[in-house]
Structure formats: C-alpha cells, structure tokens
Asker: 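The structure is given below, and queries will be raised subsequently.
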Amino acid sequence: MPILETRNLSKHFDALVAVDSVDYAVDSGELRSIIGPNGAGKTTFFNMIAGDLLPTSGQVIFDGADVSEVPAHERSHLGIGRTYQITNIFPKLSVLENIRIAAQSRKMTFNLWSTVPSHKELVEKADEILERINLTEKRDELAGTLAHGEQRYLEIGIALATDPKLLLLDEPTAGMSPEETLQTGEFIKGLADPLTIVLVEHDMEVVLGISDIITVLHNGAFLAEGTVEEVRANAEVQRVYLRE
Amino acid sequence: MDSAAPKNRFTPKEFWAWLAEVFDNYGILILAGLLLVYPFFFSALNDSIIWLEDNDWEETAEIVAEIRGFVPSTPLMIQILIYTLFGIAFNILLGNTGMLSLGHCAFFGVGGYTVGIMHAWIKPGTYAPDWMVSAFKVLPLEISLITCIIVSTFVAWLIGTICSTKRGVYFAMVTLSISMIFYYSAQTFDDLTGGTDGLGGLENMRLGSINLRVGIMDANITYYFVFVIAVVFIALIWQVLRSPFGHVLRAVRENEDRARICGYNVAKVRLMAFTMSGAISGVAGALAIIYGETVPIENIHFITSGQIVIITLFGGAGTFLGPAVGSFIYWYLRQLMSVEFVKYLDIFQYWEAWVGGIFVLIVLFVPSGILGTIRNMTLEYREKKLLTKKAVENVLAKKTEDEAATDSE
C-alpha cells in the first residue's frame, strides 16, 4: 500500500492553474524525486501534501487516511515532515534549541509546570540528530550565524526531529557548491528506508544519482515517470528541458 | 601552569563581569530583597527628618528633605510595582510571542472595574440583591480578586479568540479597536462604572481572612499587599516562560511557519499566551484601583495601553525584568519632572513631552531597551573572554606539544 497518494490533486490561484489533476503514489521506504522546469508546480504540490496550502480539488491520502483538509500542524503529527526551498529555521535560537523544540513537539506543547532541562531525553535526541547532520560543534551557536549549507542541514535535522514517516525535501541542495551537493545527495540517500523521501530538485546530477523513481511535472501537470534511464530517454521530457 | 594562574582577581573588568554574573544569577532575588525592605527605608528617611527637626538641626533637616524629593516614595513604589506586573504580563506577548497588543488597557480596566464595581455596589441600598448584601457585610478582597481573575481570564480568552489569528499590524489594530469598545462601554454605562468621573465609594476594602484594611490610607500595608501579589504572579510568569511552553512561545515568535510545520498548533499557542497575559494584566488593574480606592476611566483608555508599550520598550522587551526597569524609569522620571524639576524650570510641567522625547531617543539609539542593551554588552564581553581563553589554551597546548617534541628528540 502506498504511504502517500494524491488523487486528481489540483490547485488554482484564480485563473492560474498551478497544479493540474496530479495522480501520484509513493511506496513506503522509497526515495523519489520530482523534477520540472520553473513554474511546473512542484512547490505548490509539496505545499498541498504538507498542508501549507489546501487543494482546490482532489485528495491527499497519507497512510491510508484522507488528509486533504487536515491542518498542517496535525499532518506533522501524522508523520509528514518537510523542508523549504528558502531555508526556514529559527535563526535567533541556538542550533540545539532548533532541533530540541522540534523534538519537543512530539511530547508536549502546553506543559507549563516543568522546566526544559528536566526533559533530558529531548536534549539527548537533539544531540543525536546534531551528530547525524554533523553540527555537534556548533550546537550552542545561533542558527542564523551558520553557513548556508549548514543551515540547509539544520533544516533537515529539524524535520528529522519530528520523527516523520515521509520527508519532503524542497530543493535541499539549493545554493550549495558542487561538492556540497554531492555530499548532500549521499546524505539523503543514507536517510531513506525506512524513511520515505520525496525531493524536489533542480540539480539533475543529484536527482539522477540517488532517486529510485523520477516524476516530471510540466505546467502543473504530470508529464512522465520512471527510472533514470526511462526519463532520460523520454522524448517529451527532452523537449521540455531543452526548450528551457 | 604557573603563568596561566590569575595574578590579580580584582581588575575592574573582572569585577564588572563578576557583578554581571551575580546579577544574572541572583538579580531577581536581590531586587526582591531590596523591594522587601523599601518601605522601612523610606519611613526611616521620613523619621530622620522629624528627628532632626526635633533636635534643632533645622538646616540639616531641610537638606535631607530636599534629598527626599529625589527618592521615590512608597506610594510611587506601589505604582511602579503594579506597572511592573502589568509590563511583565504584557511582555508574555510582546517580548516572548512577538505579538504587539495595543488593547491591554481593556484587561487592566476590566480587572479594575470588576473589583471596583463589586466593592462599590455590594452594599445595602444599592443595585446588589439582598442575599448578596447579607452574605457579605463587608465584601472581602479575596472574593473580589478571585472574581477579577475569572472575569479577566474570560474576557482575555474572548478577545483572544477574535484577534489572535491576526498578525502584526492587523493584530495591533484589532486589539486597539476592541479595547476602544470597552472604553466607550465604560463611559456609556456610567450608572455602574461612574463614567468619566471615575468610580468612587471604595473606601472599605479589607482582606477578610486577616481583617486587614488595604488602600490609600496606609501606604506601607498596601505596599506589602501589592508586593506579595505581584511577586506571586511574576513568579508564575517566570515559571511559564522557562517551561517547555515558554520555549514554544519563542519558537512561534521566531518563525511561526516553522513552528507550525514542527507540529505546534500555533493558533492555540497564541491564544493561550494572550489569555494568560490578559488575565494577569487584569490582576494588575485590580491592584491599581485597590491602591487608589477609585477607578479612573483612564485605566481603560488607550493611553494605558500606550503607557505599557513605552514601559516595556524602555526596559527591553527581550528581557524578563525589562518592564520592571522600564516601569521604574517611567514613573520616577514622571515624578521627578512634575514635582521636583518643575520648581526650577516651568517647562518640566509638560513631563509627557519629555518622557516622549526620551522614548524616541531610546527607540532610535538603544532599540533593545536599557536592560536589553546591558545584557547584550555582557554577553559580548563573555564571548570575547571565552574566545581569548580558547586562543590562550590553544597557544599553550601547542607550546606543550613543541616542548614534548624537543624533549623526545
């Protein structure tokens, strides 16, 4: 059974059709990519899955339940984690606190009578994630002072701290150097299975290198889907990308 | 390493750093201790003047009396305490959740009117039903204060559900307009509230349990009454802000969208913060009218909202005790200008203009407020010290390594 499925998912901004009846399905443990030229509706598609936007029509089915109308914060609790194309962290909180606050959301919100240090397990979990994203040394610095690449990793760390089943990564390598991009690709591959990952990418190298299956969107509509070779060989895809 | 041992512990810089450290850790306790003995200090000052006069030291007495004019009196300290509580409650929103409310006068006023109306009208021969009057020969303050907390919590929750989904300037405008509804209601229902004349007839307010009269007659007793309640609620806010919930507030302030995607119900968090802030502001409003024994309509007017914004920004919205500092400066300056300075220069009778000017200067040149700026400076100093320490350690480590290398050779 697919962990994520969209049926006829559409989003209209007035006359503009950003996403046009997309049917999509991801199996648990897969590492999938969505590519497409600028304005193909990739981010809008993500926003509807994560709950930042509500669809105009169609359904989002996650883990067997229709979540089309479920607010974003509840989807996070169901197991959808995401990062954004433009880095979205808590810049004026410490690196550790960025992760810790995300981990805390799994346990408590309205806990008024305890203190933060008394919940050691949250700090331990945060430290563990910092280890994974290689930021242990910077744990007490303000997140806003990190280098761009580190901030991208931190954002992935924030998403991981919410124990997602499905991780949506919106251009995780945006703005990174070619070396960093390659490293990040390997890192993302390491996260997959049991985690299900869908990423939106511009950088074909990364996408082609690590993805199981690639989906191509064009003008908000489904264009092609398949393995790296299949998509590469697809005449439609070539036409769209060459024209760009 | 003998060379690394500190030679002189009390260089001035180290002394200041030590002072900052002490204040950071025990600042609240020191402040509370000073405030606890303040009325004794001020009474002693008064007594000393009388004593000097009695013993024919007229000239010295005059000098001490002159100095006393520059020392905040106990009644002024009551006012400062009340606005400290109000400011810290207000700062749950402004400093911690990042919501600028311009409608906090509504809570301050509602809290005051709740207590005021109960004490003014639960008496024989007024609006109150007979059973109520016979139940309370003299209404105890405990009852009215508890009612005040319940009423202001409810009002804050109600206003919060309407406006806590708004952001930034819209939130400020909605809270402002709702508070104006409260103001005009207070003005319209003047049978109950006394309208623009204010609500009087509150002269017998007692704590029933210990049969203690509180009010304008005895500043010292009222001071301690206000002090205890303010400390209890400030401690409550302090706990809430260091709790996991407090950290969620800061997360929402820093990045609302991120907090939401992390799984926090941002709307609910904001509503909760708003309700708490409003409820405790109501308590501050009640304290204000208990001390004044009258409810002036200004308490529910926008000017009170403006005051609390100024007080909070004076001290520093990013710090816990900022509003305390702001409250002290605001009321002390006001007192100094309108009572003391005016003796020398007429222009100081327009104290609002001066305080406003200072406010402009603070916002322009020290935007993090007085306490906020001091804290930033301390942090910077510590950072520098830490870096220096690290650099020194590195050099020393290298030296030892080199030495070890030469030894082995």
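In what follows, every chain begins at residue 1, and chains take the letters A, B, ... in the order their sequences are listed.
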Asker: For B:His247 and A:Arg100, run side chain to side chain contact (heavy atoms under 4.5 Å, CB included): C-alpha distance rounded to whole Å, both residues' side-chain angles, the deciding distance at 0.1 Å, then the answer.
Answerer: CA-CA 10 Å; B:His247 282 242; A:Arg100 202 204 58 81; 3.5 Å; yes

Asker: May I ask you to list the residues in residues 123-137 of chain A that approach chain B closer than 4.5 angstrom, counting heavy atoms only, ordered by number?
Answerer: none

Asker: In this structure, are over 12 heavy atoms from other groups packed under 6.0 Å from B:Tyr170 atom OH?
Answerer: no

Asker: When heavy-atom pairs shorter than 4.5 Å are enumerated against chain B, which of A:Lys92, A:Glu97, A:Gln104 gives the highest number?
Answerer: A:Gln104

Asker: Given that the side chain runs from C-beta out, which part of A:Asp52 has a heavy atom under 4.5 Å from chain B: side chain, backbone, both or neither?
Answerer: side chain

Asker: For A:Ile86, look at atom CD1 and say whether over 12 heavy atoms of other residues, nucleotides or ligands are found less than 6.0 Å away.
Answerer: no

Asker: Given that the side chain runs from C-beta out, which part of A:Arg75 has a heavy atom under 4.5 Å from chain B: side chain, backbone, both or neither?
Answerer: neither

Asker: With rounding to the nearest 0.5 Å, note down the distance linking SG in B:Cys262 to NE2 in A:His77.
Answerer: 9.5 Å

Asker: Given a strict heavy-atom distance threshold of 4.5 Å, which part of A:Leu78 is in contact with chain B: side chain, backbone, both, or neither?
Answerer: neither

Asker: Taking B:Pro244, B:Ser243, B:Ala251 one by one, which has the highest count of heavy-atom pairs under 4.5 Å against chain A?
Answerer: B:Pro244

Asker: Non-hydrogen atoms of chain B under 4.5 Å away: do they reach the side chain of A:Glu155, the backbone, both or neither?
Answerer: both

Asker: One pair to check against side chain to side chain contact (heavy atoms under 4.5 Å, CB included): A:His73 and B:Val266. What are the steps and the verdict?
Answerer: CA-CA 8 Å; A:His73 65 89; B:Val266 172; over 6 Å; no

Asker: Atom CZ of B:Arg258 and atom CG of A:Leu93: how far apart are they, to the nearest 0.5 Å?
Answerer: 12.5 Å

Asker: Taking every heavy-atom pair that is under 4.5 Å apart, which of A:Ala102, A:Ala50, A:Ser76, A:Gly51 has the most such pairs with chain B?
Answerer: A:Ser76

Asker: Sort A:Thr162 into side chain, backbone, both or neither according to what part of it lies under 4.5 angstrom from a heavy atom of chain B.
Answerer: side chain

Asker: For chain B, which candidate among A:Pro91, A:Pro164, A:Ser114 shows the most heavy-atom pairs at distances under 4.5 Å?
Answerer: A:Ser114

Asker: So among B:Leu236, B:Val240, B:Leu241, which one has a side chain to side chain contact (heavy atoms under 4.5 Å, CB included) with A:Leu112?
Answerer: B:Val240

Asker: How would you list, in number order, the residues of residues 138-146 of chain A that have a heavy atom less than 4.5 Å from chain B?
Answerer: none

Asker: Supply the atom-to-atom distance A:Tyr84 OH to B:Asp257 CG, rounded to the nearest 0.5 angstrom.
Answerer: 6.0 Å

Asker: To check you understand the geometry: which heavy-atom pair defines the closest contact between B:Tyr264 and A:Thr109, and what is its length?
Answerer: CD2-OG1, 3.6 Å

Asker: Rounded to the nearest 0.5 Å, what separates atom OG1 in A:Thr87 from atom CG in B:Asn255?
Answerer: 11.0 Å

Asker: When you look at CZ of A:Phe187, are more than 12 heavy atoms from neighbouring residues, nucleotides or ligands closer to it than 6.0 Å?
Answerer: yes

Asker: When only pairs under 4.5 Å are counted, which of B:Arg260, B:Gln239, B:Lys268 shares the most heavy-atom pairs with chain A?
Answerer: B:Gln239

